[in-house]
Asker: 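Structure in structure tokens, see below.
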Amino acid sequence: PLYTEPLRPQIHFSPTVNFMNDPNGLVYSNGTWHLFYQYNPTQNVAGNQHWGHAVSKDLYHWENLPIAIAPEEEGHGIFSGNAVIDFENTTGFFDESTPKDQRIVAFYTLNTPTSQTQHLAYSSDGVNFTKYPPAVISRNQTQFRDPKAFWDETSSRWIVALALSQEFGIVFYSSPNMKDWTEVSRFQSYGILGYQYECPDLFQVPVEGGPDDGKMMWVLAISINPGAPVGGSFVQYWVGDWDGSKFTPRDNAVRTMDFSKDFYAFSSWNNSPGKKAYAVAWASNWQYTNVVPTTPFRSIQSLPRELTLKYYRPAPQFGDLILNNKPANLSALGGQTLYRSNGTGNLGNQTVALTGEGAFNIVATFKLPAGTNATYNTIGSFEISSGDGQQSVKTGIQMGEPAVAFIDRRAAGPSFAADNPFFTDKTSGIIRYEANYTSEQHILGPLPPSAHLSTTGRDQYIKLQAVVDRSVIEVFVNDGELAGTSVFFFDNDQTPSQLKVSIGDDKLELVSLRVRALDSIWA
Ligand code: FRU
């Protein structure tokens, strides 16, 4: 049977066989979420790029469809891009009989040995695509790729963002019909540059809480590879204004979406219903993706994420709005409760047997009582170990100053890690919000000096969630204020089998814990 290998995630999308990288063409059409992706149909390493295709009604249960777009010539690749709904048939590609929300236009980069040019393909049935042969944007150069288009309400025309990869620029074009494009502006040389820019995404995100609650604001995300602070591939973003022609960031702070190493080529869904923003990223890293020990496939997409913007205190090293990033509607997944605490007393350390198909949602609230002098040993952690007890992956919060969350995979899959120096052991991110949960209610507020030390004042609460799925762990602090994504590979066909929740130096209290086994989406 398919999708049963020990390292095969059960609630994440992966192709049946062979190599996948970036998500492409994310669009919601006629009640269906489309996921296209960079796909090599002939080998389990990157290359020979096609657009693979899958669809879902709930962002979790995926149905595999035939390859959507294939190159015409050997040595050519259909590189990353996106898709839009051409409601008003501005392209002229559609019959008037095609329902408006089924008019899908894909926008991709054709990679050849001598050029990268931008092309369209269209579909009226959401399955079969017809290419529009001429390049619609060409600059006679390589390193020019990854179109992200959208219908811009501000200027009533199409806009596309493209990466001038090795000039560290994002160039924006406008068009009335997606065929004739005019350059309108550039966003150049902000933040971390790395080796090159890839996969730009300009999209709207609702603000959650604070004075602008419900307002849509603009975010520009850029993928960089190599050159991540933690090595290899990473995504940075800016919050700013889009005036119909130009993106202006609120500040030049560098913000990353994920503190770990396996979250790249981030892309948001076009045409999401409601004023909501959904996105997904490729849960891998170019530093080791071609050699990870999974077979007959390589790579998965991250959990689908729901995004909002939240204010937090201005501080010299950060801006004042951050992207909150949490799993979209996990309740779409069936499952069984393995542990659920009742009451709010200190549960101390806990051990829970992880029975099921290898996918689990683990949510804990820790309390740091007022008057506690926390140090770097004040740790609340989850240790998820293999059935043979020999291997584990760990995540936790460390309440010193700064307070951080971490993922530690040094004891997971020693044979792969030993051969791969870039398979970084441990990654951490700073918890920036005031951590204050009471009955799951988050109170936003200014972060006082030494907030996380809690030596005076009031109790601090902090929420840690880990979604573990055979060979990937995604960690969310305080419902997505901080997120980290790491793959890990247990040796000897082992799967996650036991959870240990521990309190480091007894200064923290574990006040709630829920563990749910999630049913496979492939069953
Ligand atoms: C990002 C990327 C894109 C490119 C695609 C090729 O991971 O390098 O820039 O379009 O992958 O597969």
Side-chain angles (χ1 to χ4, degrees), residues 15 18-26 35-53 67-71 75-83 106-121 135 137-139 141-149 160-171 193-201 221-228 231-237 257-258 261-268 279-290 292 297-302 422 485 487:
N18 292 324
F19 187 90
M20 172 178 74
N21 52 294
D22 312 357
N24 293 154
L26 305 179
L35 165 67
F36 301 85
Y37 53 88
Q38 285 290 281
Y39 186 50
N40 181 349
T42 50
Q43 279 184 294
N44 200 11
V45 289
N48 187 25
Q49 287 84 358
H50 291 56
W51 275 30
H53 191 192
I67 284 173
I69 310 177
H76 288 190
I78 306 295
F79 270 26
S80 286
N82 88 311
F107 203 156
Y108 63 90
T109 298
L110 175 64
N111 183 64
T112 76
T114 53
S115 68
Q116 292 186 335
T117 50
Q118 320 312 325
H119 296 257
L120 307 176
I137 307 179
S138 166
R139 301 178 72 97
Q141 68 179 93
T142 59
Q143 312 306 331
F144 171 51
R145 61 179 174 274
D146 305 341
K148 165 72 189 199
V160 68
L162 276 148
L164 288 166
S165 295
Q166 296 180 7
E167 296 164 53
F168 309 107
I170 303 305
V171 56
L193 305 182
Y195 181 80
Q196 59 186 349
Y197 279 6
E198 301 184 313
C199 300
D201 192 358
I222 302 177
S223 287
I224 286 154
N225 178 72
S233 318
F234 94 123
V235 185
Q236 64 183 332
Y237 71 93
M257 283 196 197
D258 192 283
K261 283 195 79 160
D262 299 292
F263 194 82
Y264 193 61
F266 166 96
S267 188
S268 65
V280 70
W282 174 49
S284 194
N285 190 309
W286 282 115
Q287 280 185 326
Y288 43 75
T289 193
N290 280 309
V292 297
F297 74 102
R298 279 203 179 99
S299 300
I300 58 170
Q301 300 300 338
S302 72
F422 295 124
T485 305
V487 293

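We count ligands from 1, going down the list as the structure has it; atoms in each ligand are counted the same way.
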Asker: Could you check T289 against S299 for side chain to side chain donor-acceptor pair (under 3.5 Å), going step by step and ending with a plain yes or no?
Answerer: CA-CA 7 Å; T289 193; S299 300; 3.3 Å; yes

Asker: Going by the rule salt bridge (charged side-chain N to carboxylate O under 4.0 Å, His left out), which residues pair with D262 if we only count those two or more places apart in sequence or in a different chain?
Answerer: R409

Asker: For N21, what residues pass the side-chain hydrogen bond (donor to acceptor under 3.5 Å, both in side chains) criterion, not counting sequence neighbours?
Answerer: none

Asker: Near ligand 1, which protein residues have a heavy atom under 4.0 Å away?
Answerer: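 Residues within 4.0 Å of ligand 1: N21, D22, Q38, Q49, F79, S80, R145, D146, E198, Y264, W286.
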
Asker: Identify, with sequence neighbours excluded, every residue that meets ring pair (Phe, Tyr, Trp, His ring centres under 6.0 Å) alongside F263.
Answerer: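 Residues passing ring pair (Phe, Tyr, Trp, His ring centres under 6.0 Å) with F263: none at all.
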
Asker: If you draw the axis of the six-membered ring of F79, does the NZ or CZ of R145 fall within 45° of it and under 6.0 Å from the ring centre?
Answerer: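 Negative - R145 is either too far from the ring of F79 or too far off its axis.
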
Asker: Heavy atoms only: give me the nearest V487-A283 pair and the separation to one decimal.
Answerer: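 So the two residues come closest at CG1-O, 3.5 Å.
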
